[in-house]
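Keep in mind the model is a prediction, meaning the values are calculated, not measured. In each ligand, atom 1 is the first atom listed, and ligand 1 is the first ligand listed.
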Amino acid sequence: MRAVIRGIGSFLPQRVMTNLEMSEIVETSDAWIQERTGIRERHIADEGQFTSDLGYEAALKALQDAGMTADDIDLIVVATSTPDLTFPATATMIQERLGMRHGAAFDIQAVCSGFIYGMHVTNALLKSGGAKRALLIGAETFSRILDWTDRGTCVLFGDGAGAVVIEAVEEGALLKEDASGILQTFVRSDGAHRDMLYVDGGPSRTQTVGHLRMLGNQVFKHAVTDIAQVIRDCAEQAGVDIADIDWFVPHQANQRILTAVAKRLKLRPEQVISTVAQHANTSAASVPLAMDTAVKDGRIKKGDLVMLEAFGGGFTWGAALLRY
Ligand code: ACO
């Protein structure tokens with residue numbers, strides 16, 4: 001069996017918050033944010049607009065792109081660290097909104113690496129016969145867990161969602177020349193660095209939601225080293241030369257991280273899809289949001305070799321190689 005991406009979609013809340021607006025809330029400037037991160041603006045969910053709402057809209061677009069309906073889907077996986085509620089899973093809320101009374105739905109929590117972890121798990125389930133057609137969604141409302149008095153973190157994040165429809169196909173049922181599908185996924189984690197990036201609340205410890213805390217410059221160093229290595233490992237496991245990859249769709253944390261990784265791997269800047277200026281860091285939503293942007297504007301085409309990667313709290317990190 002091969003897991004093939006059949007459709008992609010994304011959704012951003014309407015409200016755009018510029019760096020200038022940010023400078024009215026905390027001691028910062030458009031120049032500082034742009035120079036240190038590349039971010040110009042981010043989208044922020046309205047009051048009453050929840051992670052499940054963003055994920056649902058992205059799912060509808062991915063289904064439409066695939067020419068399918070919820071009836072065709074038997075698995076929903078939602079990557080999020082900002083669920084609507086502690087439980088039930090945001091995935092089951094989206095399942096209900098889609099009118100699905102069959103199949104299974106669950107959440108995955110790997111912070112900014114959630115979509116890559118989700119692809120790792122979904123790929124394995126589809127290939128082993130555990131499901132036939134899956135909706136994999138990354139959806140976040142990080143604006144709800146930011147400390148809006150901490151300029152070191154609140155300027156970095158935004159809200160949004162992205163989704164893909166992935167279908168399990170028998171190799172024999174595909175045309176000989178059709179090489180599309182997920183080729184390799186590889187995930188890593190190391191809990192020793194928990195204190196560098198975490199949320200200081202949770203149901204068991206504090207009975208509060210808490211706020212995001214980060215030692216930004218230390219996370220930065222780990223991110224560059226670990227991302228470059230996981231891309232090398234994923235490509236090697238797939239037997240693919242990095243020079244043969246057409247597009248890199250990184251987690252959109254910081255333009256300087258994207259540039260530093262590209263330099264290490266000798267990638268051309270135009271191969272690296274960057275939406276960090278418009279979206280900021282949308283955590284588990286950032287990879288599918290960036291990929292959808294590049295598919296819809298015609299850069300990523302059928303048959304292209306695409307490497308996805310992410311790094312986030314935990315630490316967690318990972319990469320996924322696919323032929324679109
Ligand atoms: N505006 C103005 N000044 C600021 C701001 C701001 N928004 N934020 C911090 N500063 C100041 C600091 O106070 C510090 O001032 P000081 O020298 O007087 O003490 C100075 O700028 C430098 O601070 P650094 O933290 O060293 O700045 P750095 O160049 O490292 O940039 C940043 C900070 C943007 C956070 C960067 O380190 C980064 O992007 N880190 C990685 C983030 C990341 O990748 N996270 C992973 C995924 S997130 C997830 O998993 C949820």
Side-chain angles (χ1 to χ4, degrees), residues 17-42 51 79-83 108-118 138-160 187-191 193-202 209-228 230 250-262 274-277 279-287 289-290 309-318:
M17 188 178 188
T18 62
N19 289 346
L20 191 65
E21 277 184 76
M22 216 30 110
S23 69
E24 288 158 11
I25 298 172
V26 286
E27 184 75 35
T28 189
S29 66
D30 177 46
W32 191 95
I33 301 171
Q34 283 212 45
E35 192 201 321
R36 298 293 181 111
T37 71
I39 297 165
R40 288 205 292 266
E41 57 192 31
R42 71 286 293 145
T51 295
T80 189
S81 301
T82 46
I108 279 199
Q109 210 274 52
V111 202
C112 298
S113 312
F115 189 78
I116 304 294
Y117 268 67
E140 303 275 20
T141 47
F142 257 52
S143 62
R144 305 273 155 75
I145 55 163
L146 298 176
D147 175 351
W148 287 93
T149 64
D150 175 16
R151 66 178 182 174
T153 53
C154 74
V155 304
L156 303 174
F157 295 90
D159 301 334
V187 294
R188 285 292 326 277
S189 69
D190 184 352
H193 306 295
R194 188 184 71 196
D195 292 349
M196 289 186 197
L197 177 53
Y198 65 102
V199 168
D200 62 5
V209 172
H211 292 115
L212 184 144
R213 305 292 172 205
M214 177 165 71
L215 301 173
N217 47 13
Q218 300 194 40
V219 174
F220 191 104
K221 287 175 202 148
H222 280 274
V224 173
T225 309
D226 292 342
I227 290 167
V230 86
H251 169 50
Q252 309 286 318
N254 184 323
Q255 185 58 45
R256 282 162 54 220
I257 296 179
L258 273 56
T259 305
V261 170
S274 176
T275 53
V276 71
H279 301 165
N281 182 347
T282 57
S283 187
S286 94
V287 170
L289 263 165
E309 58 85 348
F311 180 92
F315 291 153
T316 55
W317 64 103

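By the definition of a contact as any protein heavy atom under 4.0 Å away, atom 8 (N) of ligand 1 is in contact. There is no protein heavy atom less than 4.0 angstrom from atom 17 (O) of ligand 1.
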Check against side chain to side chain contact (heavy atoms under 4.5 Å, CB included), Val187 and Thr316: CA-CA 8 Å; Val187 294; Thr316 55; over 6 Å; no

Let me see the working for Phe115 and His251 under side chain to side chain contact (heavy atoms under 4.5 Å, CB included), right down to the final yes or no. CA-CA 9 Å; Phe115 189 78; His251 169 50; over 6 Å; no

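Looking at Val26, Val199, Thr28 and measuring to atom 6 (C) of ligand 1, the nearest heavy atom belongs to Thr28.
At least one heavy atom of Gly152 sits closer than 4.0 Å to an atom of ligand 1. Look at Gly313 and you'll find a heavy atom under 4.0 Å from some atom of ligand 1. Residue contact annotation: Met214 has a non-hydrogen atom under 4.0 Å from ligand 1.
If you look at Asn217 next to ligand 1, the close heavy atoms, those under 4.0 Å, come from the backbone and the side chain alike.
The heavy-atom pair separating Gln252 from Ala290 by the smallest distance is NE2-CB, 3.6 Å.
The shortest N or O to N or O distance between Arg151 and ligand 1 is under 3.5 Å.
Shown here is Arg144, whose CZ atom has more than 12 heavy atoms of other residues, nucleotides or ligands within 6.0 Å.
The backbone N or O of Glu27 sits less than 3.5 Å from a side-chain atom of Arg151, completing a donor-acceptor pair.
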